[in-house]
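Note sheet for the following structure.
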Amino acid sequence: MEQEKTTLKVYYSIGEVAEMFGVNPSLIRFWEKEFDIIKPHKNKKGNRQFTKSDIDNFHLIYHLVKERGMTLKGAQQKLKEKKTETEQNFEIVKRLKHIREELLAIKEQIGG
């Protein structure tokens with residue numbers, strides 16, 4: 001049995017990040033300007049290089065703005081004042097969605 005190698009990337013391009021969220025790169029650049037928790041590195045050519053931490057922060061922003069329908073100002077204030085609480089709530093939402101998907105898959109398997 002061959003073991004699969006999984007390589008974790010250190011940096012992601014703006015195109016890769018945009019693709020992860022199904023948005024245009026221009027929105028990623030806009031959120032970078034609007035949210036000070038996004039701090040990409042830039043290479044010698046000036047290309048943005050996003051870290052796993054940046055991706056996690058984009059997940060939070062995406063959740064607040066796109067899924068919860070908050071305004072940018074509202075999301076900025078929430079992340080500034082209650083970032084830890086917001087992260088914990090987001091993790092709970094992610095886990096509940098995953099559990100729901102598993103339950104639906106089980107229901108489908110038993111012919112529900």
Side-chain angles (χ1 to χ4, degrees):
M1 178 190 280
E2 235 178 271
Q3 236 180 348
E4 284 186 39
K5 275 190 176 181
T6 53
T7 16
L8 294 175
K9 291 181 75 166
V10 176
Y11 294 112
Y12 298 85
S13 72
I14 192 166
E16 290 172 315
V17 176
E19 192 175 307
M20 285 178 201
F21 294 97
V23 299
N24 290 325
S26 60
L27 182 61
I28 299 299
R29 281 190 293 276
F30 179 69
W31 281 354
E32 175 196 340
K33 288 179 197 162
E34 294 295 315
F35 293 90
D36 58 2
I37 59 173
I38 307 292
K39 297 180 186 339
H41 298 283
K42 292 193 179 177
N43 65 13
K44 290 178 184 177
K45 292 181 181 178
N47 296 334
R48 291 167 176 83
Q49 298 179 311
F50 297 96
T51 64
K52 175 75 172 100
S53 175
D54 291 324
I55 306 287
D56 292 343
N57 287 327
F58 275 123
H59 271 287
L60 275 176
I61 294 165
Y62 185 89
H63 172 70
L64 293 174
V65 175
K66 296 288 191 182
E67 295 176 346
R68 298 224 5 237
M70 293 182 82
T71 63
L72 285 182
K73 289 278 185 219
Q76 288 165 340
Q77 190 165 359
K78 185 128 176 115
L79 290 172
K80 185 181 243 180
E81 294 173 0
K82 300 178 179 180
K83 185 170 190 276
T84 303
E85 180 184 318
T86 303
E87 288 172 330
Q88 290 169 346
N89 289 343
F90 178 60
E91 285 303 316
I92 291 168
V93 168
K94 281 195 330 191
R95 285 189 200 133
L96 289 173
K97 283 181 181 178
H98 182 71
I99 290 168
R100 182 176 187 270
E101 288 170 9
E102 287 181 3
L103 289 173
L104 288 173
I106 291 169
K107 180 181 175 186
E108 193 175 293
Q109 285 178 352
I110 60 173

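Each residue takes its place number in the sequence, starting with 1. This one's a predicted model, so the numbers in the text were calculated from it and none came from an experiment.
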Nearest 0.5 Å, what's the [atom1]-[atom2] distance between [X] and [Y]?
X   : Y   : atom1 : atom2 : value
K78 : T71 : NZ    : OG1   : 12.0 Å
D54 : Y11 : CG    : OH    : 9.5 Å
W31 : L72 : CH2   : CG    : 8.0 Å

(request) Show your working on side-chain contact (heavy atoms from CB on, under 4.5 Å) between K73 and Q76 and close with a plain yes or no. (result) CA-CA 5 Å; K73 289 278 185 219; Q76 288 165 340; 3.8 Å; yes

With a 3.5 Å cut-off and sequence neighbours excluded, list the donor-acceptor pairs that the side chains of residues 57-67 form with protein atoms.
| unit_1 | atom_1 | unit_2 | atom_2 | d |
| --- | --- | --- | --- | --- |
| N57 | OD1 | K83 | NZ | 3.4 |
| N57 | ND2 | I37 | O | 3.1 |
| N57 | ND2 | S53 | O | 3.3 |
| H63 | ND1 | E67 | OE1 | 2.8 |

(request) Could you list who else is in L104's hydrophobic cluster, with ILVMFWY side chains joined at under 4.5 Å, directly or through other members? (result)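 Joined to L104, directly or through intermediates: none.
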
(message) With side chain to side chain donor-acceptor pair (under 3.5 Å) as the rule and sequence neighbours excluded, what pairs involving residues 39-49 come up?
(response)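 Checked against side chain to side chain donor-acceptor pair (under 3.5 Å) - neighbours excluded - the pairs reaching residues 39-49 are E32-R48.
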
(message) Going by the rule side chain to side chain donor-acceptor pair (under 3.5 Å), which residues pair with E101 if we only count those two or more places apart in sequence or in a different chain?
(response)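 Per chain and number, E101 pairs via side chain to side chain donor-acceptor pair (under 3.5 Å) with no residue.
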
(message) Holding to side chain to side chain donor-acceptor pair (under 3.5 Å), I want the full list of residues that pass it with K52, two or more places apart in sequence or in another chain.
(response)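 K52 satisfies side chain to side chain donor-acceptor pair (under 3.5 Å) with D56 once adjacent residues are dropped.
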
(message) Taking atom CD as the centre, does Q77 end up with more than 12 heavy-atom neighbours from other residues, nucleotides or ligands that are less than 6.0 angstrom away?
(response)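 Not buried by this count: 12 neighbours or fewer within 6.0 Å.
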
(request) Can you establish whether the number of heavy atoms outside E34 located under 6.0 Å from its atom CD is more than 12? (result)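 Correct, the count exceeds 12.
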
(message) F30: which residues meet the ring pair (Phe, Tyr, Trp, His ring centres under 6.0 Å) condition with it, sequence neighbours left out?
(response)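 By the ring pair (Phe, Tyr, Trp, His ring centres under 6.0 Å) rule, F30 matches no residue at all.
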
(request) Would you indicate whether the side-chain heavy atoms of F21 and L27 approach each other to under 4.5 Å? (result)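 Heavy-atom side-chain distance check fails, nothing below 4.5 Å.
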
(message) Which heavy atom of A18 sits nearest to which heavy atom of P25, and what is that distance?
(response)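 Nearest heavy atoms, A18 then P25: CB-N, 3.7 Å.
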
